[in-house]
Amino acid sequence: EALYLNLKQGRYEHIDKQYLLNLYRYNESSNFSAQGKTFCARIKHIEKSGLLVLETESGETQRFNFKEVEML
């Protein structure tokens, strides 16, 4: 109910923060696969458009759409 009230009041930043805190393996090193390549990265953010933002071990930021990347 608290989240619903935040939504009604337009407090989207609180809802976004709670979403990230509950996101599986958020900000933890994980192995991913995309375009036939395997790499290690951390989930850093979900953009408003729904793109998944990953940060690789080398510090590179990559964005992926739905089903473009797979967590291994």
Side-chain angles (χ1 to χ4, degrees):
E1 187 175 336
L3 291 174
Y4 173 70
L5 293 175
N6 283 318
L7 182 63
K8 278 183 66 173
Q9 296 171 0
R11 295 183 59 209
Y12 306 115
E13 67 282 345
H14 178 73
I15 296 168
D16 291 343
K17 182 178 178 182
Q18 289 301 314
Y19 176 81
L20 286 176
L21 290 175
N22 288 289
L23 187 62
Y24 180 69
R25 309 259 327 148
Y26 172 67
N27 209 24
E28 296 178 22
S29 291
S30 300
N31 290 319
F32 293 87
S33 176
Q35 299 175 348
K37 297 179 183 177
T38 300
F39 59 97
C40 188
R42 296 174 183 260
I43 298 173
K44 297 309 280 183
H45 186 67
I46 306 291
E47 293 185 347
K48 299 284 184 206
S49 64
L51 294 178
L52 177 67
V53 180
L54 300 179
E55 183 181 291
T56 65
E57 291 179 315
S58 64
E60 179 186 359
T61 300
Q62 297 183 354
R63 289 168 173 75
F64 296 95
N65 210 338
F66 187 68
K67 294 192 176 186
E68 288 183 340
V69 66
E70 177 183 9
M71 183 184 286
L72 303 175

Return each pair, listed once, that meets salt bridge (Lys or Arg N to Asp or Glu O under 4.0 Å) where at least one residue sits in residues 55-72; pairs must be two or more places apart or across chains.
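Sorted pair list: Glu47-Arg63.
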Write out all pairs satisfying salt bridge (Lys or Arg N to Asp or Glu O under 4.0 Å) with one or both partners inside residues 12-21, taking only residues at least two apart or from two chains.
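Residue pairs with at least one partner in residues 12-21: Asp16-Lys48.
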Residues that Ile15 engages under side chain to side chain contact (heavy atoms under 4.5 Å, CB included), provided they are two or more places apart
Leu3, Asn6, Leu7
Ser58: which residues meet the side chain to side chain donor-acceptor pair (under 3.5 Å) condition with it, sequence neighbours left out?
Thr56
Residues in side chain to side chain donor-acceptor pair (under 3.5 Å) with Ser30, at least two apart?
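With sequence neighbours excluded, Ser30 shows a side chain to side chain donor-acceptor pair (under 3.5 Å) to Arg25, given in chain and number order.
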Members other than Tyr24 in its cluster, when Ile, Leu, Val, Met, Phe, Trp, Tyr link by side-chain heavy atoms under 4.5 Å?
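Tyr19, Leu20, Leu23, Tyr26, Phe32, Phe39, Ile43, Ile46, Leu52, Leu54, Phe64, Val69, Met71, which link up through side-chain heavy atoms under 4.5 Å apart, make up the rest of the cluster.
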